[in-house]
Amino acid sequence: MVDETVISKAIIESYFERLKRCLNVDVIVVGAGPSGLTASYYLSESGFNVCLIEKRLSLGGGIWGGGMFFNKIVVQSQALPILDEFGIGYERYDEEHYVLDAIELAGSLIREVAKRVEVLNGVCVEDVVVRDGVEGVVVNWSATFMSGLHVDPLVLRSKVVVDATGHDAVVCRITAKKTKAFEVKGEGGMYADLAEKLVVEKTGEVYPNLYATGMAVASVYGLPRMGPIFGGMLLSGKKVAELIADKLRS
Ligand code: 48H
Ligand code: FE2
């Protein structure tokens, strides 16, 4: 016979163990869109403890809607090895463009990440801990912001924080405002070919121990936008994971 209080106790105990493990991790990734999911996957594959924080209930960010709600995604040939690693199918459109299903992309990334990474969904990053560089994030339930209630936040610490919050570049914006050490320029106009190259090229450390990946990179450096081509997001997520792995191992 199932018992309601046992169900509740199992959930509370299991979740609180997860929350305690998130108090001190190697890497906190903020935002579970394509770049944050890819970064989290490769970091955990390299043996690091990762906490992935997503303000919405569902992970996947901008993947689900494809282009203008047409739930298809395009990637360029360089991103195919990442799709292969996740076992995600795609069709060749021409020699440079490949088309895939947005739902399969989101579902596959989420499945592999959920198996490896501590995910806190429905949790919003509202501030950063800055001492010798960024040393953690300040979090609260997303529902707290929606309710308008005054409830103070909690703090999670890490060696590195990754801003994968997309167009808003939330973590970089907060850090820029608090430290006055750099500026977040805001993304530029549409130029897919250039944007895809630059977003990967400029992926990296923005401020000591704070890295940007995905659209957040475009926002920080004023790069052009690329529309619904997602190869750059996946490649940026993989690159940021490699850069952080090198830093944490040195
Ligand atoms: C916790 C937060 C917070 C917060 C936001 O927007 P995303 O999908 O981001 P990327 O960079 O991985 O992918 C961008 C892509 O979706 C896109 O928009 C492209 C390619 N656009 C091109 C164009 O021209 O428009 O995901 C960001 C995630 C979302 O799930 C947010 O809910 C989450 O971050 N998030 N999570 N705390 N403060 N802010
Ligand atoms: Fe976008």
Side-chain angles (χ1 to χ4, degrees), residues 22 28-42 51-69 71-76 79 82 102 105-106 109-110 113 119-128 136-146 153-154 156 161-175 177 184 186-200 202-203 206 210-241:
C22 289
I28 291 172
V29 178
V30 187
S35 65
L37 286 166
T38 310
S40 301
Y41 171 84
Y42 283 107
C51 170
L52 172 61
I53 302 174
E54 168 54 53
K55 74 174 179 184
R56 296 186 211 168
L57 278 180
S58 58
L59 282 62
I63 299 174
W64 301 102
M68 215 180 107
F69 281 106
N71 59 7
K72 293 285 179 178
I73 296 280
V74 170
V75 301
Q76 58 279 59
I82 299 179
L105 175 64
L109 293 176
I110 292 166
V113 166
V119 179
L120 303 180
N121 59 339
V123 173
C124 190
V125 170
E126 62 160 69
D127 206 345
V128 285
V137 295
V138 179
V139 293
N140 215 327
W141 300 113
S142 301
T144 311
F145 298 99
M146 295 160 86
L154 292 177
L156 307 175
V161 173
V162 180
D163 186 344
T165 62
H167 293 268
D168 295 338
V170 177
V171 187
C172 289
R173 268 183 212 283
I174 294 168
T175 310
K177 192 173 162 202
V184 174
E187 78 200 27
M190 182 71 79
Y191 189 166
D193 189 53
L194 187 62
E196 283 290 277
K197 290 183 182 114
L198 289 177
V199 84
V200 180
K202 299 287 277 178
T203 292
V206 173
L210 172 62
Y211 286 70
T213 183
M215 272 316 279
V217 178
S219 293
V220 169
Y221 296 107
L223 309 180
R225 63 188 297 188
M226 67 294 284
I229 177 160
F230 278 61
M233 298 298 110
L234 305 177
L235 291 161
S236 169
K238 187 171 186 200
K239 180 179 172 186
V240 88

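In each ligand, atom 1 is the first atom listed, and ligand 1 is the first ligand listed.
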J.: Are T165 and V125 packed together at the side-chain level, in the sense that at least one heavy-atom pair is separated by less than 4.5 angstrom?
T.: no
J.: Let me check something: any side-chain donor-acceptor pairs from residues 186-199 under 3.5 Å, sequence neighbours excluded? List them with distances.
T.:
| from | atom 1 | to | atom 2 | distance (Å) |
| --- | --- | --- | --- | --- |
| E187 | OE1 | H167 | ND1 | 2.6 |
| E187 | OE2 | H167 | ND1 | 3.3 |
| D193 | OD1 | K197 | NZ | 3.2 |
| D193 | OD2 | K197 | NZ | 2.8 |
| E196 | OE1 | Q76 | NE2 | 2.7 |
| E196 | OE1 | G232 | N | 2.6 |

J.: Given a heavy-atom cut-off of 4.0 Å, could you list the residues near ligand 1 in chain and number order?
T.: V30, G31, A32, G33, P34, S35, I53, E54, K55, R56, G61, G62, V123, C124, V125, A164, T165, G166, H167, V170, G214, M215, R225, M226, G227, F230, M233
J.: Contact between E126 and F145 at the side-chain level, heavy atoms closer than 4.5 Å - yes or no?
T.: yes
J.: Taking the side chain as C-beta and beyond, is there a heavy-atom pair between Y41 and L109 under 4.5 Å?
T.: no
J.: Does any part of the side chain of V206, heavy atoms only, come nearer than 4.5 Å to the side chain of D163, both counted from C-beta?
T.: no
J.: Hey, which protein N/O/S atoms does the Fe ion (ligand 2) have under 2.8 Å?
T.: H167 NE2
J.: Under the rule for side chain to side chain donor-acceptor pair (under 3.5 Å), what residues qualify as partners of Y211, not counting sequence neighbours?
T.: none
J.: How about C22 and L120: do any of their side-chain heavy atoms sit closer than 4.5 Å?
T.: yes
J.: Whether the T213 and T203 side chains hold a donor-acceptor pair (N or O, under 3.5 Å, no angle test) is what I'd like checked.
T.: no
J.: Below 4.5 Å, heavy atoms only, C-beta onward: do V161 and V171 meet side chain to side chain?
T.: yes
